[in-house]
Amino acid sequence: MTTDSPAKMTHRQVLEALTGLLLGMFVSMIATTVVSTSMPVIVHDLGGDQAAYTWVITATLLTTAISTPIWGKLADLFNRKLLIQLAIVIFVGATAAAGFAQDTNTLIAFRALQGIGGGGLAALSQVIMADIISPRERGRYMGLFGAVMAVATVGGPLLGGWITDAANWRWNFFVSLPFAVAALIILQKTLHISTARTRKASIDYTGIVLLSAAVSLILIWITNAGSTFDWWGTETVLMVGGAVVATIAFIIVELKVREPLIPLSLFKGRTFTLSVLASISIGVAMFGTAVYLAQYMQLARGATPTEAGLMTLPMMAGLLIASMVVGQLVTRFGKWKGYLILGSLLLIAGSVTLSTLHYDTNFVLVSLYMFMMGAGVGMTMQNLVLIVQNVAKPSEMGVASSGVTFFRSLGGTVGVSVMGAVLANSLTGLFTDGKERLGAAIGQLGEKGADVAAQLSSGTLPEVRLLPEPVRSIVEDFYAQAIAHSFLIGIPLAVISLIAILFLPNRPLTTLTTSERATADAANPASGSAVDAASDVAIADATALSGATTGTVTVVGGTNDRRGDAASDDRR
């Protein structure tokens, strides 16, 4: 187990420790958001089609999802400070290498490597925050996280669009380098975490291979079925069958190994299981919507990359405002469930309304739809990790935190793939059905018509804003309809998220950090006998009560009975 010092950190010490962590998160976010609005231009310049566009996105999401639980397990075994520095180096190195890509296959490969580092940043930042900030106090610092998110999520697309329009899209991959160097230096100076281990390190290599195989096979099948091969055929049987076999083998391995990648015992607790279920749809809303809204703005409304960055601001504003306000309210009142329910309702509303988009939908309405979706993500995303950390054992904080993040990333990865497949199939049908209409419009162009027809039939993602009228209006209409169809995928998943959140146990947030809870466990060896992760919260509450009375951290009598009640509450 890896813990920091059990001594209570002052507000100033917390801020100092957070500085490098926040900068590391900023590096991850800026490197991702800065290319979001320029991705249609990048894929066009590299001669990619809609399938390539989808894989450029899903390659990163796939490796992020697969590597997240691996980093989480490593966080429970090794030096968390060294691990997050390593994650930054991998992430930024791969990002910079992607800037030299000469074709979509090379770009996809480096984006996949980028995701490995991204998984480390996603998992380790959550774990380290739990080390230094208690769940109840987390909202007090949400303003800092909100500021970082604001600069990265709002400034990134704008900066990326401006760089693409003014210079070259390749520079988007290099802008994060100076921030990465600064993050590494600041982390080294300000983040002080000891590395005492209470058990021998053991990596579940078999589980890693099986998990990677299962997720990769299902994504390749989703992306290529219906285009490269038939939905019902030999390829489908092999890929889906292989994914099922790999999943079953993964479960068997996780039940037998000493240090499982994802301890299945976590699913005994209702909080973890329902949070995972809810996080899957959050991932679809978070990743899928952002990816295809960028396409909508440029391919269905004719925006430039810079304009697309400006046009997606309402969604970013909703996410930032909701996460910051709700974070402060959670800290002040200690209540969280109502905000999660409201967030899931907003996700449903956002998914439904975005599925009605047309190329000429009033932009005020589009902005409202995006704001609702962003606010729903902002209210639910971090709070689902928070409540899992609230009940997780200190020795399993890494795998518990990364478990929720993993399933959120997995949901986003599969969601982007499914939405991309729906979009591609819808486009094929729309172009086929509208062939005569499109042909008549091209015929009106005279000599220019041959070039336009060649561009549209090449399979390469078109630059719609450069197409002449009336061809442009028709193509924009096709893309708007196809993208709207893809947003339908999020509706049933958002409903499932609401149901899962409604059944979450409404447990109060502890005021102790991970290290303080670990100290309480060490002081009371009987605490290790509890089977459910939720039982540690009872120790934390008892410790907090005793500390408030005596001014020191001690464990009062009667803890075992209360722990049993906590465990049973979480299972009910």
Side-chain angles (χ1 to χ4, degrees), residues 126 129-130 134-136 138-139 142 262-286 322-323 325-327 329-349 351 375-393 396-397 399-412 490 492-511 517 530-538 540-541 562-572:
Q126 297 290 342
M129 275 193 289
S134 71
R136 179 66 184 270
R138 193 78 49 81
M142 286 308 295
I262 302 177
L264 300 184
S265 59
L266 291 173
F267 289 94
K268 294 179 180 179
R270 197 168 64 169
T271 296
F272 181 82
T273 303
L274 293 175
S275 295
V276 160
L277 193 59
S279 292
I280 293 174
S281 61
I282 305 301
V284 175
M286 179 180 174
S323 62
V325 171
V326 169
L329 292 174
V330 168
T331 290
R332 182 173 181 180
F333 300 107
K335 307 293 183 182
W336 54 266
K337 190 164 185 178
Y339 305 121
L340 281 175
I341 293 173
L342 176 58
S344 60
L345 290 173
L346 288 173
L347 283 177
I348 295 173
S351 299
V377 173
M379 289 183 183
T380 54
M381 180 178 64
Q382 290 300 327
N383 283 325
L384 286 171
V385 178
L386 176 69
I387 61 177
V388 166
Q389 290 179 336
N390 188 55
V391 301
K393 294 179 181 178
E396 294 181 340
M397 189 61 67
V399 290
S401 304
S402 63
V404 178
T405 307
F406 162 72
F407 284 102
R408 185 177 69 213
S409 298
L410 182 61
L493 292 172
V495 172
I496 293 173
S497 177
L498 173 61
I499 295 172
I501 288 171
L502 287 173
F503 285 96
L504 276 171
N506 193 10
R507 301 180 58 81
L509 299 176
T510 177
T511 58
R517 290 167 59 188
V531 253
D532 196 287
S535 59
D536 282 286
V537 178
D541 293 340
R562 194 175 173 197
R563 285 163 55 81
D565 293 340
S568 60
D569 286 344
D570 198 43
R571 289 200 184 97
R572 286 192 194 114

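- With rounding to the nearest 0.5 angstrom, the CE atom of Met381 is 11.0 Å from the CG atom of Leu347.
- Atom-to-atom distance recorded for Ser344:OG and Leu502:CG is 6.5 Å, nearest 0.5 angstrom.
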Could you walk me through whether Leu504 and Ile501 pass the side-chain contact (heavy atoms from CB on, under 4.5 Å) test, one step at a time? CA-CA 5 Å; Leu504 276 171; Ile501 288 171; 4.3 Å; yes

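- Taking CG of Leu386 as the start and CH2 of Trp336 as the end, the distance is 9.0 Å to the nearest 0.5 Å.
- Contact detail for Ala494 and Ser351: the closest heavy-atom pair is CB-OG, 4.3 Å.
- Take Leu329 and apply the side chain to side chain contact (heavy atoms under 4.5 Å, CB included) test, not counting sequence neighbours, and it matches Val325, Phe333, Tyr339.
- Leu498 contributes atom CG, which lies 4.5 Å from atom CD1 of Ile348 (distance to the nearest 0.5 angstrom).
- Under the side chain to side chain donor-acceptor pair (under 3.5 Å) criterion, Ser497 pairs with Ser281, sequence neighbours left out.
- In this structure Leu277 satisfies the side chain to side chain contact (heavy atoms under 4.5 Å, CB included) test together with Ile496, Ala500, sequence neighbours excluded.
- The heavy-atom pair separating Met379 from Leu340 by the smallest distance is O-CD2, 3.6 Å.
- Here the CZ-OG1 distance, from Phe407 to Thr273, works out to 9.5 Å after rounding to the nearest 0.5 Å.
- Pairing each heavy atom of Arg507 with each of Thr271, the nearest pair is CD-OG1, 4.3 Å.
- We find the CD1-CZ distance between Ile280 and Arg408 to be 12.0 Å, quoted to the nearest 0.5 Å.
- Between Ala400 and Leu266, the shortest heavy-atom contact is CA-CD1, 4.1 Å.
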